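Source: prediction; values computed, not measured. For the single chain, residues carry numbers from 1 onward in sequence order.
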Amino acid sequence: MKLTNTSCKNAKPDKKPYKRFDGGGLYLEVMPNGNKLWRVKYRYLGTERRLSLGAYPLITLAEAREGRDEIKKLLAKEIDPANAKRERRHQIKRDAENTFKALALEWLDTHSHRWSEGYTNKVKRLLELHLFPHIAHRPISQITPPELLECLRKVEKSGALDMAGRAKQVAGQIFRYGIQTGRCERDASADLKGALKTHKTEHYRTLEEKQLGPFLKALDRNEARLYQRTRRAIWLSLLTFQRPGEIRQARWSDIDMEQGIWSMPAPNTKSRRAHIVPLSKQALKILKEQQDETGFLNTDYVFPSQIRPRESMSDGTVNRAIKRLGFGESMVAHGVRALARTLLRETLGFDSEVIEKQLSHKTKNPLGEAYDRTQFLPQRRKMMQVWADYLDTNSQQEQMVVGIIKIRSA
């Protein structure tokens with residue numbers, strides 16, 4: 001006779017365990033202490049086995065019958081239900097260990113040794129601000145494309161379209177790492193192509209040649225009352241035209257003031273290649289002023305943070321300063337590189353290959369990067385001094401024009 005909810009509820013304990021059968025191998029075992037346990041008896045490869053489905057009334061009669069039917073389906077496929085149950089438990093444990101955050105941190109640790117410190121910190125901030133708050137503790141194998149899209153939409157709605165795209169890219173790299181290491185089977189970001197809004201592609205904003213003089217005048221006079229180290233960071237960027245992150249992460253231990261050389265180790269560069277920057281007299285003067293100001297601080301950074309001296313200047317400091325000087329619509333920090341490249345080639349007549357080497361761009365040599373050992377150090381040292389003198393000339397001419405205007409208006 002099949003069980004009912006009433007017969008299960010009214011089953012009283014006895015001195016010994018006893019069973020109440022429901023059919024198909026399912027029975028309720030009543031223990032002397034009053035506990036009632038669902039079990040299923042089945043045969044696999046000729047051997048009788050039993051499998052527990054949980055305790056009554058936590059597992060209802062209807063749920064126990066569903067469990068029995070699942071066992072029958074597995075047996076029909078020649079799968080041992082006990083092995084399947086163990087595998088489910090292992091999968092639950094693996095999912096608990098292999099959350100998106102756990103995989104992201106492992107991926108970061110695996111790859112960050114090839115990145116610059118600045119780029120590594122950017123990726124960490126992106127994860128902490130835009131991905132971890134929403135999917136950090138989700139098993140990576142269970143994150144679906146719609147779930148990831150919902151996370152990215154929150155970034156998109158804030159207006160940070162570029163950041164949403166970068167977050168999708170980083171998430172994709174983490175999913176692919178999960179696939180490679182056997183922690184998930186698919187990349188949830190792969191199905192989101194075209195799902196996010198994008199900005200119209202534009203190059204880094206930079207000044208026109210006629211704007212250079214007014215910009216240098218505003219910088220010289222410090223019209224926006226910038227911190228002196230911020231002002232010097234802009235000047236060093238102009239005088240060396242290295243990447244903003246490389247300027248911010250510059251360390252005294254890499255600078256030889258006597259030789260006039262800034263030697264960037266490979267881990268600190270975007271290109272992941274060691275890079276030598278010849279320093280003009282003007283650049284050395286800026287560095288000396290910076291050394292005099294920050295020498296007493298316990299930091300190796302040339303441009304430490306105003307608030308936390310043991311850390312470097314923050315990412316947006318120079319761009320905010322350029323805006324305060326009134327040139328935010330015309331220029332960003334990275335645009336200095338395009339400005340220098342254009343004027344050095346078109347106005348000052350320097351060879352493109354020498355300029356590209358100073359910019360630390362990959363060679364276009366047909367033999368490839370591995371065979372290119374040219375540094376052009378003598379040519380670059382001369383070029384950097386000519387460039388620094390050119391900036392001085394533009395600054396002085398602007399000051400002279402301003403002086404003449406004042407005299408005529410007096």
Side-chain angles (χ1 to χ4, degrees), residues 2-5 8-9 11 17 19-31 33-107 110 131-151 171-192:
K2 289 185 178 293
L3 295 173
T4 64
N5 286 323
C8 291
K9 183 177 180 180
K19 304 167 184 175
R20 293 287 175 90
F21 288 89
D22 184 63
L26 175 65
Y27 62 89
L28 184 69
E29 187 168 9
V30 184
M31 310 302 288
N33 61 3
N35 289 341
K36 301 172 184 179
L37 304 174
W38 291 111
R39 303 190 192 279
V40 176
K41 182 171 63 174
Y42 67 93
R43 296 186 74 82
Y44 181 74
L45 299 179
T47 303
E48 184 177 290
R49 303 186 182 187
R50 286 175 175 76
L51 196 64
S52 173
L53 298 179
Y56 176 87
L58 185 63
I59 303 298
T60 65
L61 174 59
E63 290 170 336
R65 285 170 174 168
E66 288 176 4
R68 174 197 60 199
D69 293 343
E70 286 297 321
I71 288 173
K72 287 184 176 181
K73 290 177 182 178
L74 291 171
L75 289 169
K77 297 177 183 178
E78 298 184 353
I79 297 173
D80 183 2
N83 289 340
K85 184 177 181 180
R86 279 193 295 271
E87 180 56 34
R88 279 198 302 274
R89 284 179 176 171
H90 291 157
Q91 185 61 50
I92 290 170
K93 183 179 179 182
R94 285 196 295 268
D95 286 346
E97 293 172 348
N98 297 322
T99 61
F100 181 84
K101 183 175 182 179
L103 263 291
L105 294 177
E106 185 179 319
W107 166 78
T110 301
L131 294 174
F132 286 171
H134 310 293
I135 56 174
H137 303 297
R138 293 277 292 127
I140 194 166
S141 62
Q142 295 180 20
I143 298 173
T144 63
E147 184 178 4
L148 179 60
L149 180 60
E150 183 181 357
C151 169
Q173 291 173 318
I174 294 166
F175 277 108
R176 289 190 289 277
Y177 177 75
I179 294 169
Q180 293 161 0
T181 56
R183 264 75 76 82
C184 64
E185 295 183 355
R186 65 188 309 274
D187 173 9
S189 74
D191 296 327
L192 301 184

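E106 is listed as a side-chain neighbour of R183, based on a closest heavy-atom distance under 4.5 Å. Side-chain contact between W107 and Q180: absent, with no pair of heavy atoms (C-beta onward) separated by less than 4.5 Å.
Ring geometry, F100 versus F132: the interplanar angle exceeds 60°, so the pair is classed perpendicular (tilted spans 30 to 60°).
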What pairs of donor and acceptor atoms, side-chain ones from residues 71-82 against any protein atom, are under 3.5 angstrom apart with sequence neighbours left out?
| unit_1 | atom_1 | unit_2 | atom_2 | d |
| --- | --- | --- | --- | --- |
| D80 | OD1 | Y42 | OH | 2.9 |
| D80 | OD1 | A82 | N | 3.1 |
| D80 | OD2 | R49 | NH1 | 2.4 |

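For residues 57-67, the pairs satisfying salt bridge (Lys or Arg N to Asp or Glu O under 4.0 Å) are D22-R65, with sequence neighbours left out.
Annotation for S141 and C184: closest pair CA-CB, 3.8 Å, computed over non-hydrogen atoms. When all heavy atoms are compared, the tightest approach of F21 to L3 is O-CG, 3.7 Å. The two atoms that bring F175 and S189 nearest to each other are CD1-N, 4.5 Å, heavy atoms only.
Rounded to the nearest 0.5 Å, atoms CZ (R176) and CG (D187) are 5.5 Å apart. Expressed to the nearest 0.5 Å, how far CD1 of I135 lies from CD1 of I174 amounts to 8.0 Å. We find the OH-CG distance between Y56 and L37 to be 13.0 Å, quoted to the nearest 0.5 Å. From T144, atom OG1 reaches atom CZ of R138 across 7.5 Å, with rounding to the nearest 0.5 Å.
Without hydrogens or angle criteria, K36 side chain to C8 main chain gives a donor-acceptor distance under 3.5 Å. In this structure, the side chain of R39 does not engage the main chain of K19 through any donor-acceptor pair within 3.5 Å. K85 places a side-chain N or O within 3.5 Å of a backbone atom of S52 that can act as its donor or acceptor partner.
With W38 as the fixed residue, the side-chain contact (heavy atoms from CB on, under 4.5 Å) test singles out one of L51, L26, T60: L26.
Under the side chain to side chain contact (heavy atoms under 4.5 Å, CB included) criterion, C151 pairs with L131, H134, not counting sequence neighbours.
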